[in-house]
Amino acid sequence: MITMSDVFEKVMDLAKRRGFIWPTSECYGAVAGFIDYGPLGAMMKRRVENIWRDFYVIGEGYYEIECPTIGQEAVFVASGHVKGFSDKMCQCPHCHEYLRADHVAEGGGVEGAATMGNEELAAAIAPCTCPACEEKLGKVEVFAFNLMFKTSIGPGSQRAGYLRPETAQGMFVDFGRLLRFYRDHLPFGAVQIGKSYRNEISPRQGMIRLREFTQAEAEIFVHPDEKDHPQFSRYAGYTMPLLTSAQQLGKEPAVTMTMREAVDRDLIANEYVAYYLALTHEMLIKIGVKADRLRFRQHLSDELAHYAADCWDAEVYSDRFGWVETVGIADRTDYDLKSHAGQSGTPMTVFIQYDQPKKVKRRRIVPNMSVLGKQYRNKAKAVFEALAQATPDEKGADIEVDGEKIHIPPNLFEVRDEVIEVRGDEVIPHVIEPSYGIDRMCYAVLEQAYDEDTADGETRTVLRLAPCVAPIQVAVFPLMNRDGLDTIAAEITQTLKARGMMAEYDDSSAIGRRYRRQDEIGTPFAITIDYQTKDDNSVTVRDRDSMKQVRIAIDKIPDTICSLVNGSAEFSAL
RNA sequence: GCGCCGAUAGUGUAGUGGUUAUCACUAGGCGUUGCCAACGCCUAAACCCGGGUUCAAGUCCCGGUCGGCGCACCA
């Protein structure tokens with residue numbers, strides 16, 4: 001282990017130098033909040049994404065969909081992003097500091113700032129002092145800063161579009177199609193991996209806060225009364241440290257307990273949330289996050305979105321940035337589907353059939369259309385509607401239409417009591433949403449993998465990447481670049497590639513240098529062809545972390561390397 | 001956005017306003033080399049961008065961009 005105060009800089013340096021990530025469009029000057037993944041970074045990121053797919057698409061059976069990254073305005077009106085994703089801001093005329101206008105107002109004792117319009121708020125904060133320079137603000141302009149990138153769709157810019165600030169909305173608006181795809185059954189889920197965009201005011205911290213970033217989100221639609229996960233037994237006994245809201249308020253350390261216990265004690269809202277907390281824990285460990293640098297923190301009531309029933313963040317500890325929110329797992333209730341149903345006019349419900357149809361008594365009031373229609377003419381429709389809701393007695397029914405009280409005598413309608421069969425309910429599903437920040441996961445993987453040790457008195461830089469996320473899975477070296485060793489090495493490389501392995505052949509310079517080069521980019525295994533190979537068809541396999549070597553037969557190479565990379569075999573057991 | 005600090009080959013760096021911009025590593029070529037950054041020879045490669053001051057700017061000044069830190073922001 002190394003103790004380095006600034007792993008961040010070393011990791012970023014290595015990332016730039018060896019082609020993991022670098023600033024975008026450097027020849028024109030980079031742009032804050034945007035990065036390029038280089039050859040090795042893009043490869044590693046795909047591996048992380050594919051492990052995510054293994055868990056959600058293959059494991060859970062939630063199919064992946066792909067929606068546009070530009071959405072029309074209505075989508076984000078419904079989601080609340082057009083209104084709620086913007087902050088009311090103002091600029092101090094004295095020190096030119098940008099300030100949150102509503103925060104200034106609250107600090108100055110103004111009530112109801114959150115609901116004020118821009119002009120009203122500007123007037124309200126005029127007597128307040130600037131929190132930065134403590135001058136009296138006076139006349140300022142309050143303006144909205146929306147964190148969404150806005151664009152226009154088609155010529156003439158009649159139609160507003162936004163770059164999506166999250167992938168989630170695509171799955172919500174596709175609800176009807178997805179429901180039919182899953183043959184009208186709850187629960188079901190859909191997932192999406194893709195770019196999202198937020199026009200951050202001041203992005204910082206390398207790849208932690210980006211203006212364009214990759215999200216992997218799952219939207220799991222469940223019956224609101226059935227939040228027990230059918231496969232919960234898989235994780236019922238799974239333990240991990242939980243930092244509940246109570247623990248945080250009491251400044252107590254995280255508690256470790258099983259998921260079963262956490263749900264039973266109501267620390268986690270339901271089995272679904274608990275299941276995905278555990279699944280997330282398992283996945284983050286698999287990609288190489290260290291258990292002691294991973295915790296799950298529950299949102300406090302004041303940071304919980306108003307519609308959410310429960311929300312937990314998986315936080316990964318960074319030497320540079322402290323605890324970084326990397327995954328969010330929320331029970332979003334029926335908020336999103338309700339919003340889109342309301343905005344679009346399309347019902348977003350599932351018909352849940354009863355085991356037995358219910359017989360329900362119903363009173364129906366049938367108006368005498370021909371008489372009432374003539375009598376009330378253009379008001380007739382409103383009269384019929386009011387009458388249907390009325391509770392008539394033997395003297396007739398008293399209704400009110402447009403403020404006018406109307407008496408309908410009993411001979412102008414008929415009251416029918418009937419028994420009808422109700423076969424089920426229309427239910428708005430609740431949504432369980434695990435949402436992963438892929439870029440942050442990649443950063444965590446790199447930072448935690450970075451290590452320096454001493455080999456032969458020299459410092460060795462080594463990325464201890466989990467074999468399953470390492471960009472290059474195996475390197476193949478001929479000990480000498482002659483005597484046929486190079487052709488044997490080239491053949492082995494081809495064989496490995498034919499098995500789908502990312503194998504790299506290298507015959508340049510000294511063998512030690514080649515090992516070091518691969519150590520630095522995290523290649524877990526190296527095969528060396530030496531003179532003994534020509535005698536007995538065996539090669540050495542070298543382990544990156546221990547630098548130990550074992551001999552294996554050439555024909556065993558593909559199977560052995562595959563098992564080592566996918567984790568079904570350990571090097572130490574060879 | 002504000003404030004402070006910084007920016008020189010791929011990386012890390014030296015560089016009092018005045019020669020052909022220093023050194024190391026890295027990378028490429030050739031040779032050598034029987035397992036962990038070996039060696040020899042050769043080669044490639046940089047003053048962030050735009051103004052200004054000056055006879056002369058990598059160096060001083062102003063603006064911008066990017067990066068780091070603090071503030072603010074982070075549905």
Side-chain angles (χ1 to χ4, degrees), chain A residues 6 8-10 12-19 22-35 38 76 79-92 94-100 103-104 130-133 145-148 165-166 168 196 198-206 208-211 213 303-308 320-321 324-325 328 330 437 454-462 477-483 485 508-520 526-534 539-544 546-549 551:
Chain A
D6 240 340
F8 172 75
E9 263 155 36
K10 295 195 180 201
M12 284 306 163
D13 169 44
L14 187 145
K16 257 190 281 193
R17 210 157 27 82
R18 299 308 306 273
W22 52 57
T24 191
S25 60
E26 279 181 292
C27 66
Y28 290 107
V31 187
F34 297 92
I35 56 162
F76 299 110
S79 70
H81 286 99
V82 169
K83 265 201 173 144
F85 208 53
S86 66
D87 296 323
K88 288 192 190 332
M89 301 194 73
C90 64
Q91 190 177 21
C92 172
H94 312 290
C95 67
H96 308 293
E97 178 80 78
Y98 280 89
L99 308 161
R100 276 282 294 270
H103 288 187
V104 172
C130 169
C133 67
F145 180 80
N146 195 294
L147 258 35
M148 281 194 294
E166 57 179 22
S196 294
R198 295 179 191 180
N199 202 359
E200 299 283 356
I201 297 167
S202 163
R204 288 266 187 88
Q205 305 176 322
I208 300 287
R209 252 175 86 199
L210 294 170
R211 289 185 165 129
F213 56 101
E303 63 181 317
L304 197 60
H306 63 91
Y307 49 81
R320 181 58 163 264
F321 305 117
V324 176
E325 172 196 344
T454 306
D456 293 332
E458 296 222 41
T459 301
R460 179 176 79 125
T461 302
V462 48
F477 305 144
L479 183 62
M480 305 307 291
N481 191 11
R482 55 177 153 82
D483 302 328
L485 299 184
S508 74
S509 68
I511 188 83
R513 180 183 294 279
R514 285 179 259 167
Y515 288 138
R516 291 295 195 278
R517 269 203 287 255
Q518 296 296 334
D519 288 342
E520 198 182 38
I527 291 169
T528 301
I529 290 77
D530 57 16
Y531 285 92
Q532 191 181 331
T533 308
K534 296 179 76 172
V539 299
T540 63
V541 179
R542 174 206 186 244
D543 175 50
R544 174 197 67 202
S546 64
M547 296 170 69
K548 289 194 174 127
Q549 289 177 289
R551 290 204 84 86

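Both backbone and side-chain heavy atoms feed into the values below; hydrogens, waters and symmetry mates do not. Below, read A as the first sequence line, B as the second, and so on, with proteins coming before strands; counting in each chain starts at 1.
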Nearest to side-chain heavy atoms of [X], which nucleotide of [options]:
{"X": "Asp13(A)", "options": "U11(B), A38(B), C73(B)", "result": "U11(B)"}
{"X": "Tyr515(A)", "options": "A38(B), C35(B), C74(B)", "result": "C35(B)"}
{"X": "Arg17(A)", "options": "C66(B), G10(B), G68(B)", "result": "G10(B)"}
{"X": "Asp530(A)", "options": "G34(B), G12(B), C35(B)", "result": "C35(B)"}
{"X": "Arg320(A)", "options": "A37(B), C35(B), C69(B)", "result": "C69(B)"}
{"X": "Gln549(A)", "options": "A37(B), C35(B), C69(B)", "result": "C35(B)"}
{"X": "Glu200(A)", "options": "C66(B), C74(B), A37(B)", "result": "C74(B)"}
{"X": "Thr461(A)", "options": "C66(B), A37(B), A38(B)", "result": "A37(B)"}
{"X": "Glu458(A)", "options": "C73(B), G67(B), A37(B)", "result": "A37(B)"}
{"X": "Met480(A)", "options": "C73(B), C35(B), U33(B)", "result": "U33(B)"}

With rounding to whole Å, what would you report as the distance between [N] and [M] at their [atom1] atoms?
{"N": "C39(B)", "M": "U32(B)", "atom1": "C1'", "result": "8 Å"}
{"N": "C49(B)", "M": "U8(B)", "atom1": "C1'", "result": "15 Å"}
{"N": "C61(B)", "M": "U22(B)", "atom1": "C1'", "result": "27 Å"}
{"N": "A14(B)", "M": "A24(B)", "atom1": "C1'", "result": "11 Å"}
{"N": "C71(B)", "M": "C62(B)", "atom1": "C1'", "result": "25 Å"}
{"N": "G51(B)", "M": "A9(B)", "atom1": "C1'", "result": "26 Å"}
{"N": "C25(B)", "M": "A37(B)", "atom1": "C1'", "result": "10 Å"}

Mind checking [X] for me? I need base, sugar-phosphate or nothing, with any heavy atom below 4.0 Å counting as a touch.
{"X": "Leu479(A)", "value": "base"}
{"X": "Gly206(A)", "value": "sugar-phosphate"}
{"X": "Ala30(A)", "value": "sugar-phosphate"}
{"X": "Ser79(A)", "value": "nothing"}
{"X": "Ser509(A)", "value": "nothing"}

Q. Would one find a side-chain N or O of Arg517(A) under 4.0 angstrom from OP1 or OP2 of A27(B)?
A.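 Checking Arg517(A) against A27(B): at least one side-chain N or O falls below 4.0 Å of OP1 or OP2.
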
Does Arg513(A) place a side-chain N or O at less than 4.0 Å from the phosphate oxygens OP1/OP2 of A38(B)? yes

Enclosure of Lys534(A) NZ (heavy-atom neighbours >12, cutoff 6.0 Å):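 Yes, enclosed.
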
Polar pair under 3.5 Å, donor/acceptor by atom type, side chain Ser202(A), base C73(B): no

message = For a quick check, tell me whether the side chain of Arg514(A) and the base of C35(B) share a donor-acceptor pair closer than 3.5 Å.
response = no

**Q.** Ion pair check, Arg514(A) and Asp519(A), cut-off under 4.0 Å
**A.** no

request  = Identify whether the distance between the nearest side-chain nitrogen and carboxylate oxygen of Glu520(A) and Arg460(A) falls below 4.0 Å.
outcome  =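 The answer is no: the pair does not qualify as a salt bridge.
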
_Looking only at side-chain N and O atoms, does Gln205(A) offer a donor or acceptor that is under 3.5 Å from a partner on Arg320(A)?_
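No, because no side-chain N or O of Arg320(A) sits under 3.5 Å from a partner of the opposite role on Gln205(A).
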
Go through the side-chain N and O atoms of Arg517(A) and Ser508(A) and say whether any donor and acceptor fall under 3.5 Å apart. yes

All heavy atoms of Ala526(A) vs all of Phe477(A), minimum pair found to be CB-CE1, 3.9 Å

Rounded to whole Å, the CG-C1' distance (Asp483(A) to C35(B)) equals 15 Å

